[in-house]
Colleague: 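One structure coming up, written as structure tokens, with questions to follow.
Throughout, residue positions are numbered sequentially from 1 according to the sequence presented.
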Amino acid sequence: METTHLTATRTNPVPGQTRATLGAAALGNFVITLDAVVVNVALPGIRNDVGGGMTGLQWVVDGYTLMFAGLLLTAGAVSDRLGARRSFGFGLGLFVIASLACGLAPNLGALVAARFIQGAAAAIMMPTTMALIGQTFRDPKQRARAIGAWAAAGAIAASSGPVVGGLLNLLSWRLIFLVNLPVGVIGLLLLARVRRSPQRDVPFDWAGQTTAVLAMGGITYATIEAGPSGLAAPHVLLAFAVGFLSLAAFVITQRRGRHPMVPRVLATSRTMAVSAGIGFAFMVGFYGLPFVMSLYLQQHRGFSSLATGIAFLPMMAIGAFVTPIIAKIIGRFGARRLATTGLLIMAAGLAAVALAPEQAPVWVLSAAMVLVGLSAPLIMPPTTAILLDHVPGQLSGTASGVFNTSRQTGGALAVAVFGALLARPEPHQGVLVSLSLAAVVALAAAAASRLLPRT
């Protein structure tokens, strides 16, 4: 079997297979991105229906993101071990089932549990989408175009998510999850035409996986609970202790373990480290901003879910417009320069929203958020292209897992920290502090991006 798979990788795929591969990968990125953004505008509706305060709403968002981040590293290894095609199919099927469970959840606890499962499924899917592209498109120019199409699917989901979520929420918030079902079925049909992926005998790092989940779970839980309970609460201190001790244990297991989750060739790669840092910073701003402003506009400015979604439309639409042509822009200006420029633009947009007057017209806020939307295609596709061009091809799944783990960790911590800041008596002050912090993180990533190799 192993010989058959290796032989298959040496044969160029036929055009129908390449289109099916790209279509399946793009749809996978679409549903993953959609469920990361569509839920924000529906949070007040969810609370009105199934209850829960700020803490409950944070877990609706972070239940998905936390499992996504916590399992991505192992998911990357699973992709290499079982083959990207098989792993993607399992992840997409589980994602559809979990989406159905979210849509039918009778209470907040059931919804959060289903979101955890949905996040685990997304973790399985994400590295396989990038691995499928890396294995199918060997030529750097073709790969860049494929990555552009993959990113365009995410951009379409991001741009349509707030408005679609606002519209569906007018009928029922449950529809924002049920919409994944037909998309998932189409993805599975496309996957049936994708050729089998190569497999490698990759051992699992159980110690690394356990400590990684405990570290991210403990720190995220403590940060969320610190809002209503205070930093000195015993369960908050215990969770912080578990999180940071587990983080230290994870670092030790990766340095001394025989089969670390992060192979040493990646752990010692400056390109891997800088790319992961950029991914983290990007998600702090791009994920944190919609969470903060969705709650602020609806709870403190009196906007409906649809009006809130429309306020985000310019921000999301500009990314969808630029993404399809980003491959040509990369070829003209270079990936590293674009990534740095995008991070600076993001910092400027976050700062502009943070410093806007409390009663600023919504069009002013929308105009400032456009800068954040514009930064997305300038940051992610170039950084992804640099990473895939500078890691061994056989480790593409694992490298994708590391990269996306950093991204989702940034998103999870942003929701945890920003939610606690929004719970203050002065919500506008919470917006100011949250988005200013995100701008500082983006500026730090812009400085670090100068260490990426030129392409």
Side-chain angles (χ1 to χ4, degrees), residues 29-30 33-44 61 148 151-170 176 179 281-326 329 338 341-382 411 414 418 428 431-432 434-436 438-439 442:
N29 191 30
F30 178 88
T33 305
L34 184 69
D35 272 68
V37 299
V38 73
V39 72
N40 286 306
V41 297
L43 289 175
V61 178
I156 292 171
S159 61
S160 62
V163 177
V164 170
L167 282 170
L168 295 178
N169 187 60
L170 295 178
I176 68 174
V179 74
F282 170 77
M283 287 296 281
V284 168
F286 197 75
Y287 204 74
L289 175 66
F291 175 79
V292 168
M293 296 306 295
S294 291
L295 290 174
Y296 177 72
L297 290 176
Q298 292 184 72
Q299 293 184 351
H300 304 288
R301 295 285 297 268
F303 282 52
S304 67
S305 60
L306 179 58
T308 301
I310 293 174
F312 284 108
L313 183 58
M315 165 187 166
M316 301 301 186
I318 188 67
F321 175 77
V322 175
T323 296
I325 61 173
I326 196 62
I329 300 175
L338 282 186
T341 302
L343 287 162
L344 293 174
I345 292 174
M346 169 173 272
L350 291 168
V353 178
L355 298 174
E358 185 172 359
Q359 295 301 322
V362 67
W363 67 266
V364 173
L365 299 176
S366 294
M369 290 191 290
V370 164
L371 295 176
V372 179
L374 176 61
S375 72
L378 300 181
I379 298 171
M380 281 297 96
F418 297 171
H428 185 260
V431 173
L432 171 63
S434 297
L435 300 186
S436 296

Colleague: Quick check: closest heavy atoms across Pro290 and Gly285, and the distance to 0.1 Å?
Modeller: CD-O, 4.3 Å
Colleague: Is Ser434 reaching over with its side chain to a backbone N or O of Val431, donor-acceptor style, under 3.5 angstrom?
Modeller: no
Colleague: Looking at CD1 of Ile329 and CD1 of Ile326, how far apart are the two atoms once the value is rounded to the nearest 0.5 Å?
Modeller: 4.0 Å
Colleague: Is any side-chain heavy atom of Val164 closer than 4.5 Å to a side-chain heavy atom of Ile176?
Modeller: no
Colleague: Could you go through the side-chain contact (heavy atoms from CB on, under 4.5 Å) check for Leu289 and Phe418 one step at a time?
Modeller: CA-CA 9 Å; Leu289 175 66; Phe418 297 171; over 6 Å; no
Colleague: Taking only residues two or more places apart in sequence, or in another chain, which ones meet Phe291 in a ring-ring contact (aromatic ring centres under 6.0 Å, His included)?
Modeller: none
Colleague: Return the OG1 to CG distance between Thr341 and Leu374, rounded to the nearest 0.5 Å.
Modeller: 10.0 Å
Colleague: I want to check something: taking the side chain as every heavy atom from C-beta on, are Val362 and Ser366 in contact at a cut-off of under 4.5 Å?
Modeller: yes
Colleague: Atom OG of Ser375 and atom CG of Leu344: how far apart are they, to the nearest 0.5 Å?
Modeller: 10.5 Å
Colleague: How many angstroms lie between CE in Met369 and CG in Leu435, if you round to the nearest 0.5 Å?
Modeller: 10.0 Å
Colleague: Report, one line per pair, each donor and acceptor closer than 3.5 Å where one atom sits in a side chain of residues 300-311; sequence neighbours left out.
Modeller:
unit_1, atom_1, unit_2, atom_2, d
Arg301, NH1, Glu358, O, 3.1
Arg301, NH1, Ala360, O, 3.4
Arg301, NH2, Ala360, O, 2.9
Ser304, OG, Ala307, N, 3.1
Ser305, OG, Gly166, O, 3.3
Ser305, OG, Asn169, ND2, 3.2
Thr308, OG1, Ser304, O, 2.8

Colleague: Please walk me through it: do Met380 and Phe286 pass side-chain contact (heavy atoms from CB on, under 4.5 Å)?
Modeller: CA-CA 11 Å; Met380 281 297 96; Phe286 197 75; over 6 Å; no
Colleague: With the side chain counted from C-beta on, respond yes when Leu34 and Val179 share a heavy-atom pair under 4.5 Å apart, and no when they do not.
Modeller: yes
Colleague: Tell me the closest heavy-atom pair linking Pro377 and Pro382, and the distance in Å.
Modeller: O-CD, 3.5 Å
Colleague: If you take all heavy atoms of Gly161 and Val38, which pair is closest and at what distance?
Modeller: O-CG2, 3.5 Å
Colleague: Considering all heavy atoms of both residues, which atom of Ala352 and which atom of Ala368 are nearest to each other, and what is their separation?
Modeller: CB-CB, 3.8 Å
Colleague: So do the side chains of Met346 and Leu371 get within less than 4.5 Å of each other, counting heavy atoms only?
Modeller: no
Colleague: Indicate yes or no: at least one non-hydrogen side-chain atom of Leu295 is less than 4.5 angstrom from one of Leu43.
Modeller: yes
Colleague: Please examine the side chains of Gln298 and Val41, heavy atoms only from C-beta on, and report whether any two atoms are closer than 4.5 Å.
Modeller: yes
